[in-house]
J.: 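Quick one: the structure is below, questions incoming.
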Amino acid sequence: MEQSSGFFSFLLENLSQFIAYTGFANVTWGHGIMILIALAFIALAIIKEYEPLLLVPIGFGIILGNIPFVPGFQTGIYEEGSVLNYLYFGVIKGVYPPLIFLGIGAMTDFSALISNPKLILIGAAAQLGIFGAYMAALYFGFTAEEAGAIGIIGGADGPTAIFLSSRLAPELLGAVAISAYSYMALVPVIQPPIMRILTTKKERVIRMKPPRQVTKMEKILFPIIGVLLTTFIVPSGLPLLGMLFFGNLLKESTVTKRLADTARGPMIDIVTILIGLTVGASTQATTFLTPKSVFIFILGAISFIIATFGGVMFVKIFNIFLKEGNKMNPLIGNAGVSAVPDSARISQMVGLEYDKTNHLLMHAMGPNVAGVIGSAVAAGILLSFLY
Amino acid sequence: MMRKLTAVLILSIGVFIATIDATAQNVSSLRINEAMLFNTDNYVDNFGQRSPWIEIMNIGYNSVNIANCYLTNDLNEPKKYKIPSGDPKSEIQARQFMVFFADNKTEHGTQHLNFTLDSTHRFIALLSSDGTIIDSVTLPLLELNQVYNRMPDGSPSWEKSFFSTPNSTNEGRFEKTSSGEAFLAFDPSGIIMAIIAMAVVFAALIVLYRIFRTIGKINQRSAQLKSAKFAKEQGLPVTSQEVAGEVYAAISVALYLYETDTHDQESTIITIQRVSRLYSPWSSKIYGLRQLPHEQRRRN
C-alpha cells in the first residue's frame, strides 16, 4: 500500500512537472498576440498572395518563436546550442543576405537599366526614404545606430535591412526585418494612392520610348563596372554589392549557366527558407512586443511613403529638363524602392488603369533594379558612418 | 598557341604578385606600438623580473604569425634576434598585442630578446624574414617607468606617457564613444547624414549612368556603321533608324510560336459540305489494326 502511494506521488510529481513544462502553463498574452500576427501573415500570403515566399516562412517562424517553453533546454532561438540558434547565426553574422543577393543578381536582367541608363537615377532618388526615416527616428529619440537600422526599412529590401540591422542594432533586427517585409508585402496598398496624389492625368499617360536592344557585351560589362565603381566608392557595401554583381555576371556570361541556375534556384530558395524562418522565430514576444517595435512599424511606413514620394517627384522634376518624346512616366518613380518586382508591377497596374495600351513594366524594372543597387550603397554609407 | 602561352604567363605573374602581396599584407600589419626603457616599478615577466619591454601590435584584421621575423636594436646587425617558429604563441590575433622583454635572457622563452635597451641603445627595429624593415623607432630618453607609445594604437603619432599598457590598447584610459554617438554629436537632426549619403548614392549612380550612356552610344554608333556597311554591300537603302525592341519581341514571339507549333491533334473543321478525302495508305485503317492470323489447312 505504502509502495503504491509512493508510486502515485512520483507519477503525480512528474505529471505536474510535465504540465509545468507545457506551452499552456507558460503562455502569456504576448505569445497569443504574436501567434495571431503570424496567422495574419500566413493568411495574407495564402489568401492575398502578398509575398508568399517570404511571409509563409516568416509567419511560421513567428509561431515557432512564440511557442511558450521553459528555458534551459536548448529550445529557443536565443538559447546557445539550440538548432534554431545555429540557424540564426546566418542572420546575426550577416551570412544569409549576401547569399540572397547572389541569387537576386543571377535572376535579374539589367537590360532595362542598360538600355535607358537615366532610369538609374530614380533608384538613387527613392533612397530618400531611408534618410527621411533616419531623421524621424533620431527625432523620436533612437540612437544613431538604431536610427540607421530603422531607416534602411525605406530601402524596401529585406536582405539589406537584415544585413545592416545585424551590424548596427542587433536587438532591433526582428522588428526591422518584420517591418521591412510587411511593408514590402503591402506595396500594392501603400504606393498607388501616393502615386495618384502626386501625378496629373496627363503625366500618367506619358508613353515612354521602347527600350533599345542591349548587346551581350554591355550586359557582361555592367556587373564588372558596377562592382568596381560602387564598391570603390562604398567598400562597406562589398558583401551585398559584390554578391549581387557576381550573381549577375554568372548569368550574363552565359558560360556559367549551371552556377547561375544554382544561385537563382535551389540556393536562394534554401537561404530564403532559413532567413524567413529564423527572422520570424527571432520575434519572441518578450523581445518583440515593446513600444520600440511599434515605433519601428510607424517609422517603417513613413520611410516607404517618403521613398515613393522621392521616386515619383524625382521623375516629375527630371521631366522638366527632358525633351518632348524623351519624357518619363512618373508612375515608374515608385519602382525606385527595391521591392523587386512588386513595385514595378504596381507601376504597370496603375499605368494600365489610365491607358490600357501603355505598358510600363519594362521601364519600371530599370529603377526597380537600380533601387537594389541604391539601397545597398546607402546601407554601405550608413555602415561606414555609424558602425 | 602563342595566345594561350601569353594568357598562362599573365595568369602566373598575377598569381605570383598576389601571393607576394598577400605575404606582405600579413607581416606589414605589425607595428612597434609601445616601449619602455627603464622598468623599475612596472610590468613583470613570468620570472618575476622587470626589464625594458617592447609591445608589438597587429593592426590588421587577420591574425599574423610573427615567427621568423627579426627584432634588433642595431641596424648594423639587423637579424640580431630571430623570433622562433616553434612557439604557438607567435600568432598575434587581429588588433592584438605581444610583448617582448629586452633582457638578454633568451633562456627565459621566445619572448625574451638577446639584447637590452638603455640610454645608449634606444633604437628598435622589426624586420620581416627576408630582412625588410617592417617598423622601427628610436625611443627618446625616457624617465623611469615612462613609456613611449603610439596614440591612437598603430597610428604614426607617438607620445610619452606614464600610463603604460603592455599587452593592451594605449587608448584604454579614454572613454570610447561609438561612431554613431560621435556622428550624432555633430549632426543631432540627421540632416547632414541625409545630405551626404544622398549625395554619395547619387554620385555613385550618376557615374554608372554616364558610363553606360557612353557605352550605349558607342554601341549604337557601331551598330549603325555595321548596318550601313551591310546595306551598301547589298545595295539596300541606308537607314539610320534603330529597330525598336518591340519589333524584335514580336519577331521572337512569332518565331517561337512557329517553332513550337507541334501538336498531337490536328485542327479539325466541322462542315455540312461533302468532303472527299483521297485515299492514302498512311491513314488506312487496315494497316492500323491487328491482323487476325489466317487459318491454314493442310490439304492432303
Side-chain angles (χ1 to χ4, degrees), chain A residues 110-111 113-125 127-128 130-139 143-148 151 168-169 209-215 217-218 221-222 225-226 229-230 232-234 237 310 362 370 373-375 377-378 380-382 384-387, chain B residues 60-61 95 176-227 239-253:
Chain A
F110 285 101
S111 305
L113 201 66
I114 301 167
S115 71
N116 190 1
K118 61 177 177 280
L119 299 177
I120 294 176
L121 301 178
I122 306 172
Q127 306 314 317
L128 194 67
I130 295 176
F131 302 103
Y134 171 78
M135 289 166 69
L138 286 182
Y139 179 78
T143 65
E145 289 89 344
E146 288 173 340
L168 292 181
K209 264 198 199 164
R212 71 171 174 82
Q213 197 70 12
V214 175
T215 62
M217 180 55 79
E218 283 176 282
L221 281 177
F222 186 79
I225 294 173
L229 190 76
T230 52
F232 264 75
I233 294 173
V234 193
M362 194 59 190
I373 302 170
S375 60
V377 172
I381 297 163
L382 285 169
S384 54
F385 278 129
L386 305 174
Y387 186 52
Chain B
Y61 291 86
R95 311 289 298 171
K176 188 107 178 169
T177 51
S178 71
S179 306
E181 282 170 333
F183 203 90
L184 202 57
F186 287 103
D187 179 29
S189 66
I191 185 81
I192 295 171
M193 164 71 91
I195 293 169
I196 294 173
M198 283 303 286
V200 175
V201 174
F202 262 104
L205 296 188
I206 282 173
V207 178
L208 205 60
Y209 155 63
R210 296 294 303 184
I211 290 172
F212 276 90
R213 207 175 77 139
T214 313
I215 291 173
K217 278 187 177 171
I218 294 168
N219 253 325
Q220 277 173 300
R221 183 80 194 123
S222 94
Q224 275 172 5
L225 285 174
K226 263 187 196 171
S227 87
T239 166
S240 61
Q241 214 169 16
E242 200 203 339
V243 181
E246 287 163 348
V247 176
Y248 284 116
I251 295 168
S252 305
V253 169

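Naming: A, B, ... by sequence-line order, numbering from 1 per chain. The structure presented is a predicted model; accordingly, all values stated were derived computationally and were not measured.
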J.: Do A:L113 and B:L208 have side chains that approach each other closer than 4.5 Å (heavy atoms only, starting at C-beta)?
T.: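 Result no, sub-4.5 Å side-chain heavy-atom pair not found.
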
J.: Quick check on the interface: out of A:G148, A:A125, A:S375, who has the most heavy-atom pairs with chain B under 4.5 Å?
T.: A:A125

J.: Any idea which of B:A194, B:A182, B:A203, B:A223 has the most non-hydrogen atom pairs under 4.5 angstrom with chain A?
T.: B:A194

J.: With rounding to the nearest 0.5 Å, note down the distance linking CG in A:L119 to CG in B:L205.
T.: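 Rounded to the nearest 0.5 Å, the CG-CG separation comes out at 12.0 Å.
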
J.: Name the region of B:F183, side chain, backbone, both or neither, that has any atom closer than 4.5 Å to a heavy atom of chain A.
T.: side chain

J.: Would you compute the distance between atom CG of B:D187 and atom CG of A:L138 and round it to the nearest 0.5 angstrom?
T.: 7.5 Å

J.: Using non-hydrogen atoms only, which part of A:F232 is less than 4.5 Å away from chain B: side chain, backbone, both, or neither?
T.: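 It is neither, since no heavy atom gets under 4.5 Å.
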
J.: Against chain B, work out which of A:I373, A:T215, A:T143, A:V377 has the most heavy-atom pairs shorter than 4.5 Å and name it.
T.: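 Looking at each option in turn, the highest pair count goes to A:T215.
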
J.: Heavy-atom distance under 4.5 Å between the side chains of A:L128 and B:M198, does that happen here?
T.: yes

J.: Quick one: does A:I233's side chain get under 4.5 Å of B:V200's, heavy atoms only?
T.: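 Yes - at least one pair of side-chain heavy atoms lies under 4.5 Å apart.
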
J.: Give, for atom OH of A:Y387 and atom OG of B:S179, the distance between the pair rounded to the nearest 0.5 Å.
T.: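 Here the interatomic distance stands at 10.0 Å.
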
J.: Tell me, for B:I211 versus chain A, whether the close heavy atoms (under 4.5 Å) come from the side chain, the backbone, both or neither.
T.: side chain

J.: At a 4.5 Å cut-off on heavy atoms, which part of A:V234 comes close to chain B: side chain, backbone, both, or neither?
T.: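 For A:V234, the contact with chain B is made by the side chain alone.
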
J.: Against chain B, label A:L221 side chain, backbone, both or neither, depending on which of its atoms sit under 4.5 Å from a heavy atom there.
T.: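 For A:L221, heavy atoms of backbone and side chain both lie under 4.5 Å from chain B.
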
J.: Checking heavy atoms, do the side chain of B:I196, its backbone, both or neither come under 4.5 Å from chain A?
T.: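 When you check distances to chain A, only side chain atoms of B:I196 fall under 4.5 Å.
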
J.: By a 4.5 Å heavy-atom criterion (distance strictly below it), what part of A:I120 contacts chain B: side chain, backbone, both, or neither?
T.: both

J.: Heavy-atom pairs under 4.5 Å with chain B: which of A:G132, A:A124, A:G123 has the most?
T.: A:A124

J.: Give, as side chain, backbone, both or neither, the part of A:I130 having an atom under 4.5 angstrom from any heavy atom of chain B.
T.: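 Nothing of A:I130, per the 4.5 Å heavy-atom cut-off to chain B.
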
J.: For the residue pair A:E218 and B:G216, what are the closest heavy atoms and their distance?
T.: OE2-CA, 3.6 Å

J.: Can you name the closest pair of heavy atoms from A:A144 and B:G180 and give their distance?
T.: CB-O, 3.5 Å

J.: Only one of A:V214, A:I114, A:N116 passes side-chain contact (heavy atoms from CB on, under 4.5 Å) with B:F212; say which it is.
T.: A:I114

J.: Answer whether the closest heavy-atom distance between the side chains of A:F131 and B:I195 falls below 4.5 Å.
T.: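 Heavy-atom side-chain distance check fails, nothing below 4.5 Å.
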
J.: Would you check, one step at a time, whether the test side chain to side chain contact (heavy atoms under 4.5 Å, CB included) holds for A:L386 with B:M193?
T.: CA-CA 10 Å; A:L386 305 174; B:M193 164 71 91; 3.8 Å; yes

J.: For A:Y134, which atoms come within 4.5 Å of any heavy atom of chain B: side chain, backbone, both, or neither?
T.: side chain

